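Lettering follows sequence order; numbering is per chain, from 1. Everything numeric here is computed off the predicted structure, so don't read it as measured data.
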Amino acid sequence: EAQVTQNPRYLITVTGKKLTVTCSQNMNHEYMSWYRQDPGLGLRQIYYSMNVEVTDKGDVPEGYKVSRKEKRNFPLILESPSPNQTSLYFCATSPYLGETQYFGPGTRLLVL
Amino acid sequence: GNSVTQMEGPVTLSEEAFLTINCTYTATGYPSLFWYVQYPGEGLQLLLKATKADDKGSNKGFEATYRKETTSFHLEKGSVQVSDSAVYFCALTYLGPNDYKLSFGAGTTVTVRA
């Protein structure tokens, strides 16, 4: 079954404690992306990757890091989380840049 | 730049009512336009899309037509059901020779009552 998985689904942490949210896809898609969803703001892109070892900033990259060492995985790293990073995070993939995206189930993060 | 603006919600309807959610875009080129739907507790999934002017996307009784003259991509459904309760997002992607832009609207929450 084609799917995008994210872990964890829910996370409560404290300010400054490094965390990683994993994203994995089994569709052999080139393009992967991270978004955050906040009330009234819709989805905003954090980072995207067009292929292995190729990543680029989206609209709101500050405070986040990503890596793309393998085609199937695209982890999101928060080196020093702050309360303003409390949000719902989605990973998405598509065969190529600009095409229909397939979203993961989301990770709800609360930073205290 | 390239961006989308969609109708603010929330929208509350009775079953079998007509639904319209407005979406307009600004674009420097010829973007592809999408409607995504997010059911409660789930990620977004594609509802329909259109890649060029005058294309009509349709799925599950929903339709939207890519109107270049009015820069719009309004979503419509003639008779909604309770199961259509969700958040709907308009989105565009633009892929040019030296430029890439992706933009989502803020989302419109639709609640359909029996």
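- Between Gln37(A) and Phe89(B), the closest heavy-atom pair is NE2-CZ, 3.2 Å.
- When every heavy atom of Leu43(A) is checked against every heavy atom of Phe104(B), the shortest pair comes out as O-CB, 3.7 Å.
- Side-chain heavy atoms closer than 4.5 Å link hydrophobic residues (I, L, V, M, F, W, Y) into clusters, and following such links, even through other members, never connects Tyr48(A) to Val21(A).
- In this structure, CG on Leu102(B) lies 8.5 Å from CG on Leu97(A), to the nearest 0.5 angstrom.
- In this structure, chain B has heavy atoms under 4.5 Å from both the backbone and the side chain of Gln101(A).
- Heavy atoms of Asp38(A) lying under 4.5 Å from chain B are absent altogether.
- Contact between Ala106(B) and Gly40(A) at its shortest, heavy atoms only, is CB-O, 3.7 Å.
- Linking Ile, Leu, Val, Met, Phe, Trp and Tyr whenever their side-chain heavy atoms come within less than 4.5 Å puts Ile21(B) and Val11(B) in one cluster.
- Contacts of Tyr102(A) with chain B are absent, with no heavy-atom separation under 4.5 Å from either backbone or side chain.
- The CG atom of Leu48(B) sits 10.0 Å away from the OG1 atom of Thr100(A) when rounded to the nearest 0.5 Å.
- The environment of CZ in Arg9(A) is crowded: more than 12 heavy-atom neighbours from other residues, nucleotides or ligands sit within 6.0 Å.
- The environment of Glu53(A) atom CD is dense: over 12 non-hydrogen atoms of other residues, nucleotides or ligands sit within 6.0 angstrom.
- Linking ILVMFWY residues whenever their side-chain heavy atoms come closer than 4.5 Å, directly or via other members, places Met50(A) and Tyr35(A) in the same cluster.
- In the hydrophobic clustering of this structure, Val87(B) does not group with Tyr89(A); members are Ile, Leu, Val, Met, Phe, Trp, Tyr whose side-chain heavy atoms approach within less than 4.5 Å, directly or through other members.
- For Glu8(B), no part sits under 4.5 Å from any heavy atom of chain A, backbone or side chain.
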